[in-house]
Amino acid sequence: ENDPDGEPTGTDTHADAATGETPQIAVADVSKTFQTDRGPVEAITDVTFDVARGEFVSIVGPSGSGKSTAFRIIAGLETPTDGAVHVDGTRVTEPGPDRGMVFQDDALFPWRTVAGNVRYGLEEVGAPEGFSVDERVQYCLELVGLTDKADAYPKELSGGQRQRVGIARALAVDPPILLMDEPFGSVDARTRTTLHRELLDIWAATRKTICFVTHDIEEAVYLSDRIVVFSDAPGTVRDVVTVDLDRPRDRTGDAFTDIKA
Ligand code: ADP
Ligand code: MG
């Protein structure tokens, strides 16, 4: 079962999509049309899919297929033209502390240290129960393996390290959901492979529900329980196909032991 405070217990099992429990994320008949100088642009049409608690779902599709639009609507950064997104049964109308976000461009504050960036989200809502703010920052930096970079500035970090800080910042308030839009799109292939492993370790340790956007089908297959495929059909209509990969859910990685130690 999901531990309400979301901390590692060592007996992780991910919620099954087939149990019939209320989906953590429910995207229902969502369409989005942008009005532009050149007329309306239908970015997504009638998109419907669910993400179960603790599930790792990827949205895959070619450039321009509407992945980021779907991501931004789930995040509450964009309002759908039709349909709705519900998180834990509540309709999404704006961003909230229940959804941590990670972007391709790490979007770190350059004037803040690594620790300062992770601390950012905590300044408004405070640390999760059982943590002081400093302890929470420390814990999240441990999760991403960057305790030794706490006092560094973003410009002193590699691309992979900056993305790790972005993940730590998104996890700071302990949101049940992690939304990621092409988070590893700008890092080199070798670093990306390392980050994939680390992300699965973090997922296993924190039991977040993850919705991961990528144009890279191999990345999606490696990471996900299920894949929602946005196809770039002619015209404005995009299809959505959910593929059940039927992967084992017990992929707790080596780093889990290290985190507990
Ligand atoms: P993806 O992330 O899969 O590359 P996007 O969601 O960014 O796709 O874009 C889908 C379509 O919607 C594209 O045709 C894009 O040009 C258009 N679009 C996205 N955002 C806007 C916007 N703010 N204004 C106008 N058109 C947009
Ligand atoms: Mg995009």
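Each ligand, and each atom within it, is numbered from 1 in the order the structure gives.
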**Prompt:** Hey, is G61 one of the residues with a heavy atom under 4.0 angstrom from ligand 1?
**Reply:** no
**Complete:** Nearest heavy atom to atom 17 (C) of ligand 1, choosing from T214, T33, V41, belongs to V41
**Complete:** Taking every heavy atom of L199 against every heavy atom of F212, the minimum-distance pair comes out as CD2-CE1, 3.8 Å
**Request:** Pick whichever of F230, F34, F71 has a heavy atom sitting closest to atom 23 (N) of ligand 1.
**Result:** F34
**Asked** Numbering the atoms of ligand 1 from 1, which are under 4.0 Å from a heavy atom of P62?
**Response** 3 (O)
**Asked** For residues S186 and Q104, is any side-chain donor paired with an opposing acceptor at under 3.5 Å?
**Response** yes
**Item:** N/O separation below 3.5 Å, G66 to ligand 1
**Value:** yes
**Item:** Side-chain donor-acceptor contact under 3.5 Å, D181 with S68
**Value:** yes
**Request:** Please say whether the positively charged group of K67, taken as NZ for Lys or CZ for Arg, lies over the ring of F71, i.e. under 6.0 angstrom from the six-membered ring centre and within 45 degrees of the axis.
**Result:** no
**Prompt:** Do any nitrogen or oxygen atoms of S68 lie less than 3.5 angstrom from nitrogen or oxygen atoms of ligand 1?
**Reply:** yes
**Item:** Donor-acceptor contact present, side-chain S224 to main-chain V221, <3.5 Å
**Value:** no
**Message:** Would you say the Mg ion (ligand 2) has S63 as a near neighbour, meaning an N/O/S atom of that residue under 2.8 Å away?
**Reply:** no
**Request:** Compute whether any side-chain donor of one residue and acceptor of the other, for T147 and E142, lie under 3.5 angstrom apart.
**Result:** no
**Prompt:** Can a cation-pi geometry be assigned to R169 and F109, taking NZ or CZ under 6.0 Å from the six-membered ring centre and within 45° of the ring axis?
**Reply:** yes
**Asked** Against heavy atoms of T36, which atoms of ligand 1 measure under 4.0 Å?
**Response** 25 (C)
**Asked** Is there a nitrogen or oxygen of G64 sitting under 3.5 Å from a nitrogen or oxygen of ligand 1?
**Response** yes
